[in-house]
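Some notes on the structure that comes next.
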Amino acid sequence: MMGQFFRAHGKFCASHPWEVIVAAITLTLCMTCKSGENQLPPAAVRHAHRQCHAWDWRGTCDDQGSAEYNAADIILMTVVRCSAVLYCYYQFRNLHKIGSKSILGISVIFTVVSSVIFMSTVFYFLGSSVADLKDAMFFFLLLVDLSKVGILTQLALAGSNRAEVTRNIARGMEILGPSISLDTLVEALVIRVGTLSGVHRLEFLCGFAVMSVVVNYILYMTFLPAFLSLIMEMSRIDVKRSVRGKGKESLLTRALYDEDQKPNPVVQRVKIIMSTGLIIVHAHSRFTFSDRENESDTVTLSGAPQSVSLNRTEPTDFTGYIMKWITMSADQIILLVVIIALLFKYILFEDRADLADQLKLSESHDTEMTSNCNSNGGVDVRATSEDTEKKKPMFTLDDDTTSFFDQTTQTEVEWDRVMDELQTLKVEEEQKKRSPRPLTECIEILNSEDRGAGLTDEEIRIIVKTGGRLCPLYNIEAVLNNPERGVKIRRQILTKEARLSSEVFQNLPYRGYDYSKVMNACCENVLGYIQIPVGYAGPLTLDGVRYYVPMATTEGALVASTNRGCKALSANGVTSVVTDIGMTRAPCVRFPSVVHASKAKLWIETQENYQRIKSAFDSTSRFARLQEILIGMDGPTLYIRFRSHTGDAMGMNMVSKGAEMALRCIQENFPEMQVISLSGNFCSDKKPAAVNWIKGRGKHVVCECIIPAYELRTILKTNAKTLVQCNKLKNLVGSAMAGSIGGNNAHAANMVTAIFLATGQDPAQNVTSSNCSTSMEVWGESGEDLYVTCTMPSLEVGTIGGGTVLPAQSACLEMLGVRGAHATHPAENSKRLARIICATVMAGEISLMSALVNSELVKSHMRHNR
């Protein structure tokens, strides 16, 4: 609950940066103006008494601004000042090692702003004079914590837009807010104990320290997230902003991935108990009434009662103050020596220190864990090989790292999953040192509630080898209830059984993938996943809407060519029409004779019997609705082609289930019918077939566009007459010469397959889906414009089911605005996807045709795909 509160607080500050910053500045100005008035604020009245007493051990109250410190005070403040300088140097040096000037600069700005606000707070609440700021500032620098500032800054830098920056800041506040709040409370209460000591000088300094802690906390929780959000917005950060490390884990890596950085529950409970006790102590001491509270506002100095003026006395001798500041006392000399020594260390010796750190890093390379981001910007936690992956770091920082959180599939790192991975690695390191236990004991552990979590990889391999039925290799993910571990062990077993080199799987990643979406849905016997680059073509103006079309391909020049075509089409935009033909399935059934087969054919084609079959078919799904039955007869064999609407799903499984139920209905009247195959290839699926070209399958789409002569000349470098002639001789006559079925196009399959891979369609169905007829005509009064159409009668697409459930593919569908089922009109999303594919095919067609007539094909491929 606390985490949710801090997340909401961080989101508010990041979403309203101007309001938060202006509020902080306004309050500071108010306190500064107030401090200049003669009347002290009420909160400072009692402190004025104590201040006089505090300075009484050095001189009189009237001389407190000029009294020299005694020896004990000089030693104390010298230690404090030197410690503050060293601590600041240590913190900024750690931030410098991250390698980001942005983080260092923001930390400096935060420190400066915090110092100004702290000084104003000291003036207002403690009623201190200018002379006291020397002591106050060093206490503030000693207690300010910049490590958390660096973490939150890195989180903000990882965002690629304002919404992502806001989410990252909110996430950081959710993680860090509770622990920082508890730490601040404990620090304030512990330091506040010093104000109960009765030693006036100690009480005075502890007041500074408590104020430092409170101011630092308030600014971290309000000003910093607002300032970061504002900086990111003003600088218009892009996805390529990087936070690079220099061979070591960054602050962010340690904070978000290291177990040691997670709050220890025991420590947290101790802090809470300690805080409660300290609150009781303070409450008892502060609210114990005595006659002192009612004493007159006078103090005794030099044995005579005198009235103490509570009016703030500003120094009038400014020259004296300047001379006092520049005069070198013993403590100032020591402080100066410390600062000079640090400067010499940084200038002369820091590079050597970095070199030593790198040498230590290489020696401990087998145990370190740093972050490795892949070329797409996502976290790629991959295995190297089964024998060496434990010796290599789970994470490594890359020079081309863009961000820890920039992923194609998601906008933030899954904290729990990453922490689980780290925990798993630690457990595995311990397991490797153990010898395998007996098989019976291992099987007993496997059947327990932890589902093999207590078994080593070697023990699980033994169970798979000797007791396959208990833990079959194909089902190891489900048995272990840990898909990623199951995939890793399968790789180990396959490497050994197939006698493969240990380096075979080095470049096939398997970590960091959501296999729960894959199991029993998309793939079996999983070994990992393949990365395919995804580009985009666009904007493509289709039916008045602009689309940026994702295309997954490894063929250079394809996306660039399609993008050029989109630019040419967008001059007037593309118009499209689509018809939901429906998905087909054609079982093969056999009868004893042609007479029986003929009777069954006539019976099915009767309207009354068709309705009975339709009712049986439609009962299997909410969306499946039988539209047509087409029957082909070959001797005593019937090929019954069922065609059905399937909503926004591609629908092969849906239609197969309906066809199976329809066959049962037919078999009730023709018990002699023998079902040979649920699919008799009269469908026809994933094969070139005239029946799909003629009757259609899936979605029937037609797109048209008029390209002005100017666009033809400037973008495509050709003219309408040349393109029309090339289309006639290449796409029409050439395809006829080849006996092509549905191949009256230049390369429709290129665009279809690229979009299929990006959006989770069945890649094998590009065979039928690539049926396309491209037509071109000279258009317009001038005869120089080009009218082009693309007709695709059998586009088999869906926006739910199959590979569309995978995160990356789902993101590409979301990019087009067609993810999932349409909320009110079933099949509307799949229709829109079909329109987009057909229009993209048209863009690729005109671009390639233009390249062919200009002899640019080889040149472009040599440039993009050599």
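As a basis for the values below, the full set of heavy atoms in this structure was taken, side chains included, without hydrogen atoms, waters or symmetry mates. Residues: numbered from 1 along the sequence shown.
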Residue pair [X] / [Y], side-chain heavy-atom distance below 4.5 Å:
| X | Y | result |
| --- | --- | --- |
| R641 | V691 | yes |
| L757 | P763 | yes |
| L638 | F682 | no |
| P539 | Y547 | no |
| Y510 | V526 | no |
| V559 | T553 | yes |
| S644 | M654 | no |
| N744 | W693 | yes |

Q: List the atom of N829, the atom of A821, and the distance in Å for their closest heavy-atom pair.
A: ND2-C, 3.6 Å
Q | Heavy atoms from other residues, nucleotides or ligands near CG of N653 exceed 12 (cutoff 6.0 Å) | A | no
Q: Test side chain to side chain contact (heavy atoms under 4.5 Å, CB included) on L494 and F505 and set out the steps.
A: CA-CA 10 Å; L494 181 62; F505 294 126; 3.8 Å; yes
Taking the side chain from [X] and the backbone from [Y], do they hold a donor-acceptor pair closer than 3.5 Å?
| X | Y | value |
| --- | --- | --- |
| R643 | I581 | yes |
| R835 | S576 | yes |
| K614 | L626 | yes |
| R819 | M815 | no |
| T620 | F617 | yes |
| N766 | A754 | no |
| N719 | T722 | yes |
| Q627 | R625 | yes |
| D648 | H822 | yes |
| N745 | C772 | yes |

Q. For F623, what residues pass the ring-ring contact (aromatic ring centres under 6.0 Å, His included) criterion, not counting sequence neighbours?
A. none
**Q.** Lys/Arg-Asp/Glu bridge criterion (N-O < 4.0 Å) met for D685, R697
**A.** yes
Taking only distance into account, with no hydrogens and no angle test, what donor-acceptor pairs under 3.5 Å do side-chain atoms of residues 775-785 form with protein atoms, sequence neighbours excluded?
residue: S782; atom: OG; partner: E784; partner atom: N; Å: 3.4
residue: D785; atom: OD1; partner: A709; partner atom: N; Å: 2.9

Q | Donor-acceptor side-chain pairing of S847 and S561 below 3.5 angstrom | A | yes
Q. Under 3.5 Å, is there a donor-acceptor pair linking the side chains of N731 and T774?
A. no
Q: Could you pull out all residues at least two apart from K728 that satisfy side-chain contact (heavy atoms from CB on, under 4.5 Å)?
A: none
